[in-house]
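Only a predicted model underlies this, so the values are computations on that prediction, with no experimental measurement involved.
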Amino acid sequence: MSDTDGDSTPLLSLDGPRAIIRLNRPKHLNRLLAEDLTVLLSQFAQIDADPAVRVLVLTGTGRAFSAGFDLGQIAERAASDTETESPGAAFEQVVDRLEALRMPTICRLNGGVYGGSTDLALACDFRIGVDSAEMFMPAARLGLHYYPNGIKRYVTRLGVDNAKRLFLTAQRIDAAEMLRIGYLTQMVPMDRLDREVDALATTLAGNAPNAVAGMKRAINEFARQALDEQAADTRARSSMRSDEILEGIAAYKEKRPPRF
């Protein structure tokens, strides 16, 4: 993945069944501004509505994945006498929307991940990061009570003890520790990053899209202890009469890759 010169709102590209969204403010470590959040929501809606898209790769330009939401905009609201929607509420909406996408998502962590972007990456289904990466959640140092869904994601995906450590101490951790606590799915040298992301994206895009979307939804609902049992049961029953299962069984018998 080549870098793009100059800062801009996030860039979306399509490559067959793969969508790639690149945060693109490298001069500022890909910090996110309010307009970036609006663009991300639009891009998520576009790819979610496109049945040809079967996997999303989210990454950043330059030496960091993202420095999180712009602190200047947070400071402006904190100093204002006018009550407006908090930046955290807008950011939470973006991250929740990312987590709810029907297709599997991979965060390609090309470098450090800081602040709110730690939750953005955590909302992805897989996180493949370089061995030079680090993460830092500074909310406690900034006097910021993080939005509830972000805390919940940390707890359900990393466990209570790790969530407390990262939020309450505001300590930086390196890539090896990110892997140990389960934040990273895989840690690789920079020269292997694209190869491993490509391999996983190819695997995910080759599986049955409806079955994958339904199971992803159920897994996320189980994690939040909010399973819609009736909907999950309906999806499971429907899959037994679907074109996907007919093709999957035929491919298995014929000893060939399925064509979903």
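Side-chain atoms of E244 do not come within 3.5 Å of backbone N or O of F260 as any donor-acceptor pair. Checking side-chain atoms of S66 against main-chain N and O of N30 turns up a donor-acceptor pair under 3.5 Å. Side-chain atoms of N110 come within 3.5 Å of backbone atoms of G62 as a donor-acceptor pair (strictly under, hydrogens ignored). Under a 3.5 Å cut-off, the side chain of S242 and the backbone N or O of I245 do form a donor-acceptor pair. Checked by atom type and distance alone, the side chain of R172 never pairs as donor or acceptor with a backbone atom of M135 at under 3.5 Å. Counting only distance, with no hydrogens or angles, the side chain of S42 and the backbone of T38 share no donor-acceptor pair below 3.5 Å.
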L158 and L166: CA distance, side-chain angles, deciding distance, side chain to side chain contact (heavy atoms under 4.5 Å, CB included) verdict
CA-CA 10 Å; L158 304 179; L166 293 166; 4.0 Å; yes
Could you walk me through whether L204 and F126 pass the side chain to side chain contact (heavy atoms under 4.5 Å, CB included) check?
CA-CA 11 Å; L204 294 169; F126 303 90; 3.8 Å; yes
Going through the distances and angles, do I151 and Y147 end up as a side chain to side chain contact (heavy atoms under 4.5 Å, CB included)?
CA-CA 7 Å; I151 296 175; Y147 54 83; over 6 Å; no
Test side chain to side chain contact (heavy atoms under 4.5 Å, CB included) on D228 and E221; report intermediate values, then the result.
CA-CA 7 Å; D228 185 335; E221 288 176 352; 3.9 Å; yes
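In this structure, L122 and L120 have side chains that are not in contact, with every pair of non-hydrogen atoms separated by 4.5 Å or more. At a threshold of 4.5 Å between non-hydrogen side-chain atoms, the residues S13 and R18 do not count as touching. No side-chain heavy atom of I20 sits under 4.5 Å from any side-chain heavy atom of L12. Looking only at side-chain heavy atoms (C-beta outward), V212 and P104 come within less than 4.5 Å of each other.
Exactly one residue among L37, L58, D36 makes a side-chain contact (heavy atoms from CB on, under 4.5 Å) with P10. That residue is D36. For the side-chain contact (heavy atoms from CB on, under 4.5 Å) with I21, the lone residue among T105, L40, L98 that qualifies is L40.
Cluster membership for V57 and V39, using ILVMFWY side-chain heavy atoms within less than 4.5 angstrom, is not shared.
Few gaps surround CD on E254; more than 12 heavy atoms of other groups in view lie less than 6.0 Å from it. For D161, the CG atom sits in a loose shell: 12 or fewer heavy atoms of surrounding residues, nucleotides or ligands are nearer than 6.0 Å.
Of the charged side-chain nitrogens involved, none lies within less than 4.0 Å of a carboxylate oxygen, so that E196 and R108 do not count as a salt-bridged pair. Using a 4.0 Å cut-off between charged nitrogen and carboxylate oxygen, R153 and D119 count as a salt-bridge pair. Between R165 and E177, at least one side-chain N (NZ, or NE/NH1/NH2) sits under 4.0 Å from a carboxylate O, which counts as a salt bridge. At a threshold of 4.0 Å, the pair R97-E92 does not count as salt-bridged, since none of the basic side-chain nitrogens sits closer than that to a carboxylate oxygen.
How far CD of Q43 is from CG of L56: 9.5 Å, rounded to the nearest 0.5 Å. A distance of 5.5 Å separates CG of L101 from NZ of K216, quoted to the nearest 0.5 Å. Residue E134 holds its CD atom at 10.0 Å from CD1 of I173, rounded to the nearest 0.5 Å. Interatomic distance, C107 SG to D125 CG, rounded to the nearest 0.5 Å: 11.0 Å.
Y183 is linked by a ring-ring contact (aromatic ring centres under 6.0 Å, His included) to nothing, counting only residues two or more places apart in sequence or in another chain.
Y114 belongs to a hydrophobic cluster whose other members, connected by ILVMFWY side-chain contacts under 4.5 Å either directly or through intermediates, are F136.
When every heavy atom of A133 is checked against every heavy atom of G111, the shortest pair comes out as CB-O, 3.6 Å. Heavy-atom minimum distance, A223 versus T156: O-CG2, 3.2 Å.
Between R25 and T61, the side chains place no donor N or O within less than 3.5 Å of an acceptor N or O (distance only, hydrogens not considered). For the 3.5 Å distance criterion, the side chains of N24 and S8 qualify, holding a donor opposite an acceptor.
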